[in-house]
Amino acid sequence: MPEASASLRTQVVIVGAGPAGLLLGQLLARGGVDALILERQSADYVLGRIRAGVLEQGSVEVLGEAGVGQRLLAEGLPHEGIELAFDGQRHRIDLAALTGRRVTVYGQTEVTRDLMQARAQAGLRTVYEATDVSLHGFDGNSPVVRWRAGGRAHEARCDYIAGCDGFHGVARASVPTGALRTFERVYPFGWLGVLCDTPPVSDELIYANHPRGFALCSMRSRTRSRYYVQCGLDERVQDWSDDRFFDELRSRLDAEAAERLVTGPSIEKSIAPLRSFVAEPMRFGRLLLAGDAAHIVPPTGAKGLNLAIADVRNLARALIASCRHGDEADLETYSARSLRRVWKAVRFSWWMTTLMHRFPETGEFDQRIQEAELGYLVGSRAASTALAENYTGLPFEN
Ligand code: FAD
Ligand code: PHB
């Protein structure tokens with residue numbers, strides 16, 4: 001006997017309940033647009049992924065406007081500067097003095113948790129553990145999304161599909177070949193990251209360029225640290241004991257930071273490859289891409305999550321104008337407007353990655369150029385301001 005299939009109608013189907021999908025759901029609900037979110041994983045799995053940690057001021061404002069800024073305001077750590085370490089010295093970039101803006105340290109998991117909670121409180125629908133999600137008819141006027149959950153086949157008819165399903169998702173992959181142009185750079189190293197319940201080594205983030213490779217000292221709170229070291233692409237997490245990791249990190253820090261570093265058992269340890277990737281355009285008929293589904297940046301500039309938030313801010317406004325008022329002007333320009341800013345963040349992330357890492361193929365000339373650029377950067381107010389302006393986030397409209 002054929003299996004019963006359940007059919008429903010909504011204005012927007014959002015694929016993916018990462019920060020992009022959840023924030024879009026929240027903004028649409030506040031704008032009076034009905035949406036359904038489909039997520040392949042369980043809610044606990046999504047919350048267990050340790051990823052970004054730094055929010056631009058504009059991202060904090062968007063989350064506030066979305067009604068999920070309360071805990072962020074209370075628990076987020078405002079940072080007015082970052083430190084660049086090289087040649088045995090640390091140099092502070094005073095973000096606030098140079099730009100009048102600051103960033104906030106608040107983990108992606110916490111952003112996700114706040115959005116999930118707001119969604120549950122408002123009684124909005126999210127289907128977790130939705131498998132075999134497939135997208136149909138988005139080149140015409142009646143898109144349909146199909147999936148399986150709870151042993152049954154389901155489908156939703158909608159006006160728009162939002163692909164917020166990350167780099168490996170189904171949305172971008174559903175676009176016909178030839179309709180999409182992609183741009184990619186894969187870097188010859190990764191980041192080995194450790195999370196541990198120890199006080200951070202410093203009040204501010206330290207980005208270190210060292211002959212043994214890049215290192216980053218970050219944090220999630222005053223009692224939880226997040227540390228990274230550049231590693232080879234062939235490294236395996238299981239070969240890195242906590243002791244080996246902290247010895248390596250210590251060796252890449254200046255003497256004072258190395259002395260102050262408090263170590264403890266890791267509560268998470270993972271390796272992430274570094275990649276820049278952009279797919280153009282971000283719209284195909286009634287399918288719209290946002291966040292990692294459309295672009296990836298290496299984490300050096302702390303831009304991935306912030307870019308996802310900026311896309312969603314644009315997309316929510318455009319979808320609300322269309323669904324509520326029949327005004328498609330913002331949807332028409334969504335891709336071009338988003339990509340203008342995306343490319344600037346791709347450039348900044350590429351630049352900061354190139355500046356701070358040791359590349360296997362670097363010769364002596366390139367090495368001297370890197371050293372000269374670091375010296376110029378910390379010695380020139382103009383150069384420091386350019387870094388600070390990008391790090392704290394470019395204007396949404398530019
Ligand atoms: P995601 O967070 O990837 O969310 C996409 C969601 O879609 C996921 O929940 C996924 O399960 C779901 N999904 C995928 N396929 C399907 C499907 N077929 N059907 C239904 N659902 C689906 N950025 C930084 O700034 N700093 C960092 O330190 C940092 N570290 C990172 C480490 C890793 C391993 C990765 C992958 C990314 C990291 N990033 C970092 C980038 C940052 O986390 C992302 O830019 C951010 O998560 C983008 O949010 P998103 O919602 O667009 O995508
Ligand atoms: C983090 O805390 O995970 C983090 C912070 C800054 C970055 C990248 C990652 O540039």
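We count ligands from 1, going down the list as the structure has it; atoms in each ligand are counted the same way.
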Write out the residue and atom name of the closest protein heavy atom to atom 14 (C) of ligand 1, then the distance separating them to 0.1 Å. Asp165 O, 3.1 Å
Hey, is ligand 1 close enough to Pro299 that some N/O pair sits below 3.5 Å? no
Heavy-atom contacts under 4.0 Å to ligand 2, chain-then-number order, include exactly Arg51, Gly53, Val54, Trp191, Leu205, Tyr207, Leu216, Ser218, Arg220, Arg226, Tyr228, Pro299, Thr300, Ala302
With a 6.0 Å cut-off (strictly less than), is the heavy-atom count around CZ of Phe183, excluding the residue itself, greater than 12? yes
Of all protein heavy atoms, the one nearest atom 23 (N) of ligand 1 is Ala52 CB, 3.5 Å
Under 4.5 Å between side-chain heavy atoms, hopping through other hydrophobics if needed: is there a path connecting Ile309 to Val105? no
In terms of residue, atom name and distance, what is the protein heavy atom nearest to atom 10 (C) of ligand 1? Glu39 OE2, 3.4 Å
Protein contact to atom 32 (C) of ligand 1 [nearest heavy atom, distance to 0.1 Å]: Arg51 CG, 3.9 Å
Tell me the protein heavy atom at minimum distance from atom 8 (C) of ligand 1, and give that distance in Å. Arg49 NH2, 3.2 Å
Look at atom 28 (O) of ligand 1 and say which protein heavy atom is nearest, naming residue and atom and giving the distance to 0.1 Å. Tyr228 OH, 3.2 Å
Give me the ring orientation class for Phe214 and Tyr207: parallel if the planes are under 30° apart, tilted from 30 to 60°, perpendicular past 60°. tilted
What about the rings of Phe138 and Phe284, do their centers lie closer together than 6.0 Å? no
Is the closest heavy atom of Ala130 to ligand 1 under 4.0 Å? no
Protein residue, atom and distance nearest to atom 44 (C) of ligand 1, heavy-atom basis: Asp292 OD2, 3.2 Å
Provide, to 0.1 Å, the distance between atom 47 (O) of ligand 1 and the closest protein heavy atom, together with that atom's residue and name. Gln108 NE2, 2.8 Å
Side-chain donor/acceptor of Gln370 to backbone N/O of Thr354, under 3.5 Å: yes
